[in-house]
Q: 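Before we start, here is the structure in question, set down as structure tokens.
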Amino acid sequence: MTSGRAVLTRTAMSEDHDAILDVVREAFTNPQRDASEEIDIVVSTWKLGAAFSELELVAVVGDVVVGHVMAGRGDLGGREAVAVAPLAVAPSHQDVGIGTALMTKLLRRADDARLPLVALLGHPGYYGRFGFEPSGPLGITYRPVGEDNPHFQVCRLSAYDPTYRGDFTYCWEAPG
Ligand SMILES: CC(C)(COP(=O)(O)OP(=O)(O)OC[C@H]1O[C@@H](n2cnc3c(N)ncnc32)[C@H](O)[C@@H]1OP(=O)(O)O)[C@@H](O)C(=O)NCCC(=O)NCCS
């Protein structure tokens, strides 16, 4: 519980890594599955040094990490683009606006960095509120989920232009 204590969001540091993995594990584990896929994504992005500067954030209550989001470098039709994976809030702290605070700050920072867009794979019902839209009509595809899958979404930023199109590949999927 937040117990009335303020929730702060800040840039993640390497000292946060263990606590971040705990949050990701708690958020994504359920009776049907464990969180190994999301843990692998986070660890691979760290190992590749592919988290975009200033676009890995934690939410903290006191000194306890309760939420995490990261945007990693990827490839969009031969040009660099970033994608969020994953966004996680500890179950004991969900539904009090922490995911919203993390995503809002990440998008503001991405816009400040003059990135054209942020991509992600997720629930349209959650991410639409931040300005994400299905990527298919913009000519942006993510082959593993098939063309025109509404779960692959982009949020267009101020520096967007329609030449940003093609297949997207996450950093951890890149060959080599
Ligand atoms: C999804 C998640 C990041 C949201 O973070 P949060 O801090 O709980 O969310 P917020 O408090 O900012 O927003 C709550 C709102 O999101 C909605 N919401 C939460 N999860 C949702 C989902 N999977 N689909 C649609 N809406 C969702 C809530 O119903 C609530 O709606 P309301 O504002 O209309 O009442 C968090 O619940 C989580 O970590 N879940 C498990 C991991 C996960 O699914 N991550 C996202 C992968 S796509």
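In listed order, ligands and their atoms are each counted from 1.
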Q: Which protein residues come within less than 4.0 angstrom of ligand 1, counting heavy atoms only?
A: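 The 4.0 Å shell around ligand 1 contains Ala27, Phe28, Leu87, Ala88, Val89, Gln94, Asp95, Val96, Gly97, Ile98, Gly99, Thr100, Gly122, His123, Gly125, Tyr126, Tyr127, Arg129.
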Q: Is any NZ, NE, NH1 or NH2 atom of the basic residue among Arg33 and Glu37 found under 4.0 Å from an Asp or Glu carboxylate oxygen of the other?
A: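 So Arg33 pairs with Glu37 through a salt bridge.
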Q: Sequence neighbours left out, what pairs pass side-chain hydrogen bond (donor to acceptor under 3.5 Å, both in side chains) with at least one residue falling in residues 70-85?
A: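 Of all non-adjacent pairs touching residues 70-85, those that pass side-chain hydrogen bond (donor to acceptor under 3.5 Å, both in side chains) are Arg73-Glu80, Arg79-Thr163.
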Q: Write out all pairs satisfying salt bridge (charged side-chain N to carboxylate O under 4.0 Å, His left out) with one or both partners inside residues 87-107, taking only residues at least two apart or from two chains.
A: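 Salt bridge (charged side-chain N to carboxylate O under 4.0 Å, His left out) check on residues 87-107 returns no pairs.
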Q: Is it true that Lys47 and Asp40 have a side-chain N and a carboxylate O under 4.0 angstrom from each other?
A: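 No, this pair does not count.
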Q: Could you go through residues 54-63 and list every donor-acceptor pair under 3.5 Å that involves a side-chain atom there, pairing it with any protein atom two or more places apart or in another chain?
A:
{"residue": "Glu54", "atom": "OE1", "partner": "Arg109", "partner atom": "NH1", "Å": "3.4"}
{"residue": "Glu56", "atom": "OE1", "partner": "Trp46", "partner atom": "NE1", "Å": "3.2"}
{"residue": "Glu56", "atom": "OE2", "partner": "Trp46", "partner atom": "NE1", "Å": "3.0"}
{"residue": "Glu56", "atom": "OE2", "partner": "His68", "partner atom": "NE2", "Å": "2.7"}

Q: Charged N to carboxylate O below 4.0 Å: is that the case for Arg25 and Glu38?
A: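 Looking at Arg25 and Glu38, the cut-off is not met.
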